[in-house]
Amino acid sequence: MTIRGLLEKNVAERPERNALTWCDNKTWMHRSWREYLARVRDVAEGYGTRFELKPREENVAIILGNSPTWLEVYLAQSGAGVSVVPLDPKLHDAEVEYILADSEAVVVTTDVHHLKMMMNIAPRLPKLRGIVCVDGVINEGQSIGRAKVVGFERLRVSGGGAWYDANVAKEDDVASIIYTSGTTGKPKGAMLTHSNFVTDIDGAFKTFDADIDENDSFLTVLPLFHAFSFTVNFCGPLYVGGESLFVESLRTVGRDIQLLKPSVLASVPLLCEKLYDKIQDGIQSSKVARALLAIGLRGPVMHMVLQKLGGRLRYMITGGAPCPKHVLECFRKLHVNFVEGYGLTECAPVVSVTSSKCTKIGTIGSPCAGVEVRLADKNESGVGELQVKGPNVMKGYFHNEKATKEAFDGEWLATGDLASIDEDGLITIRGRKKALIVNREGKNIYPEEVENVIGKDSAIQDVVVVGYTVGGDPGEKVGAIVYPNEDWFKEQNGGKLPDWAEVEKAAVKHAQERSAELADYKRVRKVVVWKEPLERTSIGKVRRVAYKGKLDE
């Protein structure tokens, strides 16, 4: 089965059911499965004939925010066997130029907001021959470098489909080339096939024992260029025949959840925490809720909270980082199946998930159906590098045999993550192989473990733990960079933020006291207080690499 095949299956089985819902100029719009495929065919005709795309030989790119157009453009090209390179719209010019050059993209689909960027970089991209703009007023037919600029609506060929019918993607065709964040050097393009994605969503749903079907709706908040959102929010509805819901913007997520009433929400822990905070604020500001809790009636309050989340939410699927225990417990009290997953881009991306019945908090569950894992070079504590083998593993990195060879240990993909596996087969991530701190006694310290302890403190909003060195001394010491929780400090000080020197001193004390809960060799020896939130990736992970070396003396 291919991603295209999933779309066509839904059209055959439920042509008039709603497939897409989104907001256009303050009006909520809907599109059926039959209309969805018709649009894809029209769009494919335009790309195929206007740019003479060569399936299995050429690559194209998308630089867009989430929308039905993103899905249509992707399916129109990947469904015909053309590999698509999804890019983060927030990347800077140099980053976009590198990826477009490395992937040899011949057509880029973007918006008017990014045309200025394209005018800057396109003249240096000799293989680029087309720029499709999905919105705004453009100079139709102008050239930027060797690339012709075409408006999306002009590109679509109403009633088309001949090119799409003549070029059908196969399971082993590369559907996406997704570039990794490049924290260890230049970004690399992971080549992921149609089969990688379809088998991955199939294995993930089977493993966490989901009863998700055509009656479910998925709220798309996370960016589709990222493999996690792509697989769950794009492939998930296609796989079960469910509906894709798009929030109007990140600022309207709370309102849109109430309005759209999703049953499935894929998120990162940061979003889960924000929803949790809104729930707590709502309870505190409601006299009725406080009164009910005071007399022990929790049920009605939980019902009220669930209604604020639309009333239909059944599954929260999260990944990217560990979710705080109190957040997870909150949603489980709401009878929402809270599923945590682990993965990486190179695995399309899900490797393991917890089942909705898993009670062991802190694990990342068991491998998805069809996926094998092993631990390489285990130490005396049973911790080793997690390695993966299965139908979800990438073909390799685009035009980078050296990096591909380095990524594999024989048939096994080396994740670079350290893990342990318990007697029930549940995996626990212990840290990053390269993030590992080794002190002068040779003891291993996993930064994530220290971060989880310090991060529980109400005075700390953000923390990243890094190893640092002093002069020429051998080994590393444990250091932490923290960003204080200003709201907490205001609450403690009658609504006013204390002087920064006082905040800084208190934040250091709180971090050190928390770290004292750990073994002596794991405790932080230096704490630096940041005046601004820590830098994060597109899915909410703190960019540890950005702070490496900041504490060295």
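Worth knowing before you read on, the calculation uses all heavy atoms, side chains too, and leaves out hydrogens, waters and symmetry mates.
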Chemist: Looking only at non-hydrogen atoms, find the nearest pair between Trp412 and Glu372 and report the distance.
Modeler: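 Closest approach of Trp412 to Glu372, heavy atoms only: CZ3-O, 3.6 Å.
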
Chemist: How far does OG1 of Thr220 sit from CG of Leu71, to the nearest 0.5 angstrom?
Modeler: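 It is 7.5 Å, given to the nearest 0.5 Å.
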
Chemist: Given the ring of Tyr397, does Lys188 sit roughly above its face, with NZ or CZ under 6.0 Å from the centre of the six-membered ring and within 45° of the axis?
Modeler: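 Lys188 over Tyr397 ring: yes.
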
Chemist: Can the positive tip of Lys531 be found less than 6.0 Å from the middle of the six-membered ring of Tyr483, inside 45° of the ring normal?
Modeler: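 No.
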
Chemist: For Lys278, does the NZ atom sit with more than 12 other heavy atoms under 6.0 Å from it, leaving out its own atoms?
Modeler: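 Atom NZ in Lys278 is not crowded, with 12 or fewer foreign heavy atoms closer than 6.0 Å.
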
Chemist: Where is the tightest heavy-atom contact between Pro269 and Gly319, given as atom of each residue plus distance?
Modeler: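 Smallest interatomic distance, heavy atoms only, reads CD-O, 3.4 Å.
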
Chemist: Is it true that atom NE2 of His303 has more than 12 heavy atoms of other residues, nucleotides or ligands lying nearer than 6.0 Å?
Modeler: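 Counting other residues, nucleotides and ligands, NE2 of His303 stays at 12 neighbours or fewer.
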
Chemist: What pair of heavy atoms forms the shortest contact from Val350 to Ala204, and how long is it?
Modeler: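 Closest pair (atom of Val350, atom of Ala204, distance): CG1-CB, 4.3 Å.
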
Chemist: Got a sec: does the CG of Asp377 have more than 12 other heavy atoms crowding it under 6.0 Å?
Modeler: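 No, because the 6.0 Å sphere around CG of Asp377 holds 12 heavy atoms or fewer from other groups.
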
Chemist: Are Tyr315 and Asp211 close enough that a side-chain donor and a side-chain acceptor fall under 3.5 Å?
Modeler: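 There is such a pair between these side chains.
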
Chemist: Dump the intermediate steps for side-chain contact (heavy atoms from CB on, under 4.5 Å) on Leu313 and Leu334, then the final yes or no.
Modeler: CA-CA 9 Å; Leu313 190 62; Leu334 293 171; over 6 Å; no

Chemist: Is there side-chain contact between Thr354 and Ile364, with heavy atoms separated by less than 4.5 Å?
Modeler: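 Not touching, per the 4.5 Å side-chain cut-off.
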
Chemist: Looking only at non-hydrogen atoms, find the nearest pair between Leu6 and Val198 and report the distance.
Modeler: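 So the minimum-distance heavy-atom pair works out to CD1-CG2, 4.0 Å.
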
Chemist: Do Pro447 and Val450 have side-chain heavy atoms sitting under 4.5 Å apart?
Modeler: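 Pro447 vs Val450: side chains apart.
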
Chemist: State which residue, out of Asn10, Asp202, Thr231, fulfils the side-chain hydrogen bond (donor to acceptor under 3.5 Å, both in side chains) condition with Tyr239.
Modeler: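 That would be Asp202; it is the only one of Asn10, Asp202, Thr231 passing the side-chain hydrogen bond (donor to acceptor under 3.5 Å, both in side chains) with Tyr239.
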
Chemist: Using every non-hydrogen atom in the two residues, find where Gly65 and Pro89 come nearest and quote the distance to one decimal.
Modeler: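 For Gly65 and Pro89, the tightest heavy-atom pair comes out as N-CG, 3.9 Å.
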
Chemist: If we only count heavy atoms from C-beta on, is the Ile3 to Leu238 side-chain gap below 4.5 Å?
Modeler: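 A side-chain contact under 4.5 Å exists here.
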
Chemist: Does the pair Ser217 and Arg312 meet the rule for a side chain to side chain donor-acceptor pair (under 3.5 Å), with working shown?
Modeler: CA-CA 9 Å; Ser217 54; Arg312 293 184 64 237; 3.2 Å; yes

Chemist: What's the separation between atom CZ in Phe331 and atom SG in Cys323, rounded to the nearest 0.5 Å?
Modeler: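 Nearest 0.5 Å value for the CZ-SG distance: 8.0 Å.
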
Chemist: Working note: Lys9 + Glu13, criterion salt bridge (Lys or Arg N to Asp or Glu O under 4.0 Å); need CA distance, chi angles, decisive distance, verdict.
Modeler: CA-CA 6 Å; Lys9 183 173 183 286; Glu13 294 178 354; 3.1 Å; yes

Chemist: Which distance, rounded to the nearest 0.5 Å, do you find between the CG of Leu224 and the OG of Ser229?
Modeler: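 Going from the CG atom of Leu224 to the OG atom of Ser229 covers 4.5 Å.
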
Chemist: When rounded to the nearest 0.5 angstrom, what is the spacing between NE2 in His510 and OG in Ser458?
Modeler: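 Spacing of NE2 (His510) from OG (Ser458) equals 8.5 Å.
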
Chemist: For the pair Asp520 and Arg525, evaluate salt bridge (Lys or Arg N to Asp or Glu O under 4.0 Å) and give the outcome as yes or no after the intermediate values.
Modeler: CA-CA 10 Å; Asp520 184 67; Arg525 307 301 170 186; 3.4 Å; yes

Chemist: Testing Arg514, Lys522, Arg544, Lys541 for salt bridge (charged side-chain N to carboxylate O under 4.0 Å, His left out) with Glu451, which one passes?
Modeler: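 Only one option passes, and that is Arg544.
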
Chemist: State, with a plain yes or no, whether a side-chain heavy atom of Ser366 is found less than 4.5 Å away from one of Thr207.
Modeler: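 Side chain of Ser366 against side chain of Thr207, heavy atoms only: contact under 4.5 Å found.
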
Chemist: Could you walk me through whether Arg251 and Asp256 pass the salt bridge (Lys or Arg N to Asp or Glu O under 4.0 Å) check?
Modeler: CA-CA 10 Å; Arg251 294 186 300 276; Asp256 295 347; over 6 Å; no

Chemist: Considering only heavy atoms from C-beta outward, does the side chain of Pro484 approach that of Val529 to under 4.5 Å?
Modeler: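 Contact flag for Pro484/Val529 side chains = yes.
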
Chemist: Look at the aromatic rings of Trp530 and Tyr547 and report parallel, tilted or perpendicular, splitting at 30° and 60°.
Modeler: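 Ring orientation, 0 to 90° scale: perpendicular.
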
Chemist: Got a second to check how far Leu297's CG is from Leu292's CG, nearest 0.5 Å?
Modeler: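 Here the rounded value is 5.5 Å.
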
Chemist: Centre-to-centre under 6.0 Å for Phe197 and Phe230, is that the case here?
Modeler: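 Ring centres of Phe230 and Phe197 closer than 6.0 Å.
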
Chemist: Just checking, is any N or O donor in the side chain of Arg17 or Asn215 under 3.5 Å from an acceptor N or O on the other one?
Modeler: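 Yes, a side-chain donor-acceptor pair sits under 3.5 Å.
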
Chemist: Are Val288 and Pro300 close enough that some pair of their side-chain heavy atoms sits under 4.5 Å apart?
Modeler: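 Side chain of Val288 against side chain of Pro300, heavy atoms only: no contact under 4.5 Å found.
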
Chemist: Is any side-chain heavy atom of Leu64 closer than 4.5 Å to a side-chain heavy atom of Phe225?
Modeler: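 Counting from C-beta outward, Leu64 and Phe225 never come under 4.5 Å.
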
Chemist: In terms of side-chain heavy atoms, does Glu243 have a donor or acceptor partner in Asn18 at a distance below 3.5 Å?
Modeler: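 The criterion, which ignores hydrogens and geometry beyond distance, is satisfied for Asn18 and Glu243.
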
Chemist: Could you verify whether a donor N or O on one side chain and an acceptor N or O on the other, from Ser381 and Arg430, lie under 3.5 Å apart?
Modeler: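 No, Arg430 and Ser381 have no side-chain donor paired with an acceptor closer than 3.5 Å.
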
Chemist: Count the heavy atoms belonging to other residues, nucleotides or ligands that lie under 6.0 Å from NZ of Lys378, then report whether that count exceeds 12.
Modeler: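 Not buried by this count: 12 neighbours or fewer within 6.0 Å.
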
Chemist: Which heavy atom of Arg290 sits nearest to which heavy atom of Ser285, and what is that distance?
Modeler: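 Heavy atoms of Arg290 and Ser285 come nearest at NH1-C, 3.9 Å.
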
Chemist: Given side-chain contact (heavy atoms from CB on, under 4.5 Å), test Val240 with Phe218 step by step and report yes or no.
Modeler: CA-CA 11 Å; Val240 299; Phe218 296 65; 4.0 Å; yes

Chemist: Could you check whether the rings of Trp70 and Tyr74 sit parallel, tilted or perpendicular, using 30° and 60° as the cut-offs?
Modeler: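 Correct class here is parallel.
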
Chemist: With side-chain contact (heavy atoms from CB on, under 4.5 Å) as the criterion, how do Ile429 and Glu448 come out once you've worked through the C-alpha distance, each side chain's angles and the decisive distance to 0.1 Å?
Modeler: CA-CA 9 Å; Ile429 296 297; Glu448 291 85 352; 5.7 Å; no

Chemist: How far does CD of Glu502 sit from CG of Leu497, to the nearest 0.5 angstrom?
Modeler: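 If I round to the nearest 0.5 Å, the distance is 9.0 Å.
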
Chemist: Kindly indicate, with the supporting measurements, whether the criterion salt bridge (Lys or Arg N to Asp or Glu O under 4.0 Å) is fulfilled by Lys548 and Glu476.
Modeler: CA-CA 12 Å; Lys548 192 72 176 169; Glu476 293 178 294; 3.5 Å; yes

Chemist: Quick check on Lys526: does its NZ atom have over 12 non-hydrogen neighbours (other residues, nucleotides or ligands) under 6.0 Å away?
Modeler: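 Yes.
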
Chemist: Does a side-chain heavy-atom distance below 4.5 Å link Arg543 with Glu535?
Modeler: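 Heavy-atom side-chain distance check passes, below 4.5 Å.
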
Chemist: Just by distance, with hydrogens left out, do Ser263 and Asp216 show a side-chain donor and acceptor under 3.5 Å apart?
Modeler: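 Per modelled atom types, Ser263 and Asp216 side chains form a pair under 3.5 Å.
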
